[in-house]
Each structure stands twice: as structure tokens, then as C-alpha cells.
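As C-alpha cells, the structure follows; a few thoughts come after it.
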Amino acid sequence: MALFQIENVKKTYGKVHALRGVNLSLEGNSQYVICGASGSGKSTLLYLLGGLDRPSEGRILVEGKDLSSYDDESLARYRNLYVGFVFQFHFLLPSMNCMNNIMLPAQIGGATPSDLKENVQVLAEKLGVTHCLKKYPYELSGGEQQRVNIIRALSLRPKLLLCDEPTGNLDSENSMKVTSLLKQLATEYQSTLVVVTHDDKVAAHFDNKISMVDGSVV
Ligand code: ADP
Ligand code: MG
């Protein structure tokens, strides 16, 4: 069974057809890139997979279970425990140091801080940002902030790691580094990785390419 089965998913915002009937299956422990022009529906598809929003029509099955059958509370649990998110803009809270930023979603999810802290230390070492954990986000470079984001997304070992233009505001050297780190960590954590990008160099790192045009997968 595929980990995700997306069946005829449509999403409209008023008169805008963001998704026009998408069918896809995504396997567990696999890596995908979603490409397409701006406005083609990439982010919308990612948000629906992550349970941040619901389709207007169609179904998304996760391990055979229909996401639309989840009430809001179960969907929040799904987002918290099953999915890790990395966005282009960092969404680190400015008033907390990086360690506390990383621990926040995990604490909401009820993880024990001691187990988690160890995992965070290991990840920080791998990503070369141990020296950043006690700092505040504004004291970090863009590349460092994105690495902290990745730690936060991975700290609960999500089955699904969703990244929306994760290298969108990094220079090309850091883009390549962050992309290979994402791939390497997803493999190690046995997470399915889905990366949205408009950067062909980033896309070239992936064997499974999903191309979107005007709300459809082509
Ligand atoms: P992409 O990520 O490929 O650039 P999006 O998924 O963000 O594309 O958007 C697809 C289409 O849906 C665009 O026309 C966009 O303007 C529209 N759209 C996306 N989100 C919203 C929203 N919350 N409200 C209204 N329109 C939206
Ligand atoms: Mg987008």
C-alpha cells in the first residue's frame, strides 16, 4: 500500500481553481520533488498533504485512512506527530532562543524533554549548528536559521517531511548543502521527503519528479 494516496483532489479558493483533480501516490521512505511555475498549485498540494487545510473535493488517504474523516483535533495531532514542515521563511519565534524554538512543537506533542534534547543535540552536530542552540534567531545567518528549522521539523522523527521552497532564500552553495542534508536526514529517519522548488539545480537531486501546470500534475 502507498503511504499516501491522493485521489481526484480539487481545491478552489472562490473562483480560483488551485488544484484541478490531482491523482498521485507517494511511497513511504521515498523522496519527491514538486516543480512548476509560480501559481501552479505546489504549495496548496503540500498544505493539503500536511493537513494544514482540507480539499474541496477528492480524498487523501494516509496509510489507507481518509484524512477528511479526521476531526480538527485529530488533524492537529496528525500535523504535530506525523508531519514535519520546513518553509522558505523561517517562522522561528524571535523571543525564544533556538533550543526553545525547536522544543516547542515537540512539547505540544507531549514528548519528554530529555529524550528530545539528546536527539536535538545529535541533529545539531550533524548540521553544524551546535553553537546556535543558545542563540536567538536574529543572531543567526539565513543558512543557520534554515538548519535550525530542519532540526525542529525532524525532532519528532516525522513519517512525512514537507518542505516548501526550503532553499528559496539561500545562496547556491547553501542551497546545495541544505538539499543534501535534507535528503540524507530523511533517509536516516526513514521519512518520506517532499520538496517544492522552482530551482532546477535543487530538483536535479531527486529521482522522483512531480511536475505541476495550472493546478494539475502532468
Ligand atoms: P504555487 O505554490 O505553485 O506558487 P499556490 O498553491 O500557492 O501555487 O497557489 C495556486 C493558486 O491558488 C494561485 O492562483 C494562488 O493565487 C491561489 N491561492 C493559493 N492560496 C490561496 C488562498 N489562501 N486564498 C486565495 N487564493 C489562493
Ligand atoms: Mg508556493
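Just so we're clear, the structure is a prediction, and the values are computed from it rather than from any experiment. Counting convention: from 1, in listed order, for ligands and their atoms alike.
- The nearest protein atom to atom 12 (O) of ligand 1, hydrogens excluded, is given as Ala18 CB, 3.4 Å; this is a heavy-atom distance.
- Each of Leu123, Ile102, Leu185, Val129 was scored for a side chain to side chain contact (heavy atoms under 4.5 Å, CB included) with Ile150, with one residue passing: Leu185.
- With respect to the salt-bridge test (charged N to carboxylate O, under 4.0 angstrom), the residues Lys11 and Asp53 qualify.
- If you look at the Mg ion (ligand 2), the protein N, O or S atoms less than 2.8 Å from it are Ser43 OG.
- Closest protein heavy atom to atom 8 (O) of ligand 1: Gly41 N, 3.2 Å.
- Residue Ala37 has at least one heavy-atom neighbour below 4.0 Å for each of these atoms of ligand 1: 3 (O).
- Residue Leu127 is not grouped with residue Tyr136 when hydrophobic side chains (ILVMFWY) are merged at heavy-atom distances under 4.5 angstrom, including chains of intermediate members.
- Put simply, atom 21 (C) of ligand 1 has protein non-hydrogen atoms near it, under 4.0 Å away.
- Ion pair Arg77/Asp71 not flagged as a salt bridge, since none of the NZ, NE, NH1 or NH2 atoms sits closer than 4.0 Å to an Asp/Glu carboxylate oxygen.
- In this structure a side-chain-to-backbone donor-acceptor pair under 3.5 Å is missing from Ser175 to Glu173.
- The backbone and the side chain of Thr44 each have at least one atom closer than 4.0 Å to an atom of ligand 1 (non-hydrogen atoms only).
- Closest protein heavy atom to atom 3 (O) of ligand 1: Lys42 NZ, 2.8 Å.
- Look at Glu63 and Lys159 and you find a salt bridge, because one of the NZ, NE, NH1 or NH2 atoms lies within 4.0 Å of a carboxylate O, short of that distance.
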Q: Show your reasoning for whether side-chain hydrogen bond (donor to acceptor under 3.5 Å, both in side chains) applies to Thr187 and Gln31.
A: CA-CA 9 Å; Thr187 304; Gln31 305 192 339; 3.2 Å; yes

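- Proximity of atom 16 (O) of ligand 1 to the protein is not indicated, since no non-hydrogen protein atom lies closer than 4.0 angstrom.
- For the ligand labelled ligand 1, residue Gly36 lies outside the 4.0 Å heavy-atom shell.
- For the pair Lys183 and Phe206, the cation sits on the ring face: its NZ or CZ lies under 6.0 Å from the ring centre, inside 45° of the axis.
- Among all non-hydrogen protein atoms, the one lying nearest atom 7 (O) of ligand 1 is Ser43 CB, 3.8 Å.
- Leu61 and Leu49 fall into different hydrophobic clusters, where Ile, Leu, Val, Met, Phe, Trp and Tyr are joined by side-chain heavy atoms under 4.5 Å apart, directly or via other members.
- The closest protein non-hydrogen atom to atom 10 (C) of ligand 1 is Gly39 O, 3.5 Å.
- For atom 27 (C) of ligand 1, the nearest non-hydrogen atom of the protein is Tyr13 CD1, 3.2 Å.
- More than 12 heavy atoms of other shown residues, nucleotides or ligands fall within 6.0 angstrom of atom CZ in Arg20.
- Those atoms of ligand 1 that come under 4.0 Å of a heavy atom in Val16, given as number and element, are 12 (O), 14 (O), 17 (C).
- We find the OG-CD distance between Ser25 and Gln5 to be 4.5 Å, quoted to the nearest 0.5 Å.
- Side-chain atoms of Ser43 and Glu165 form no donor-acceptor pair, as typed in the model, at a separation below 3.5 Å.
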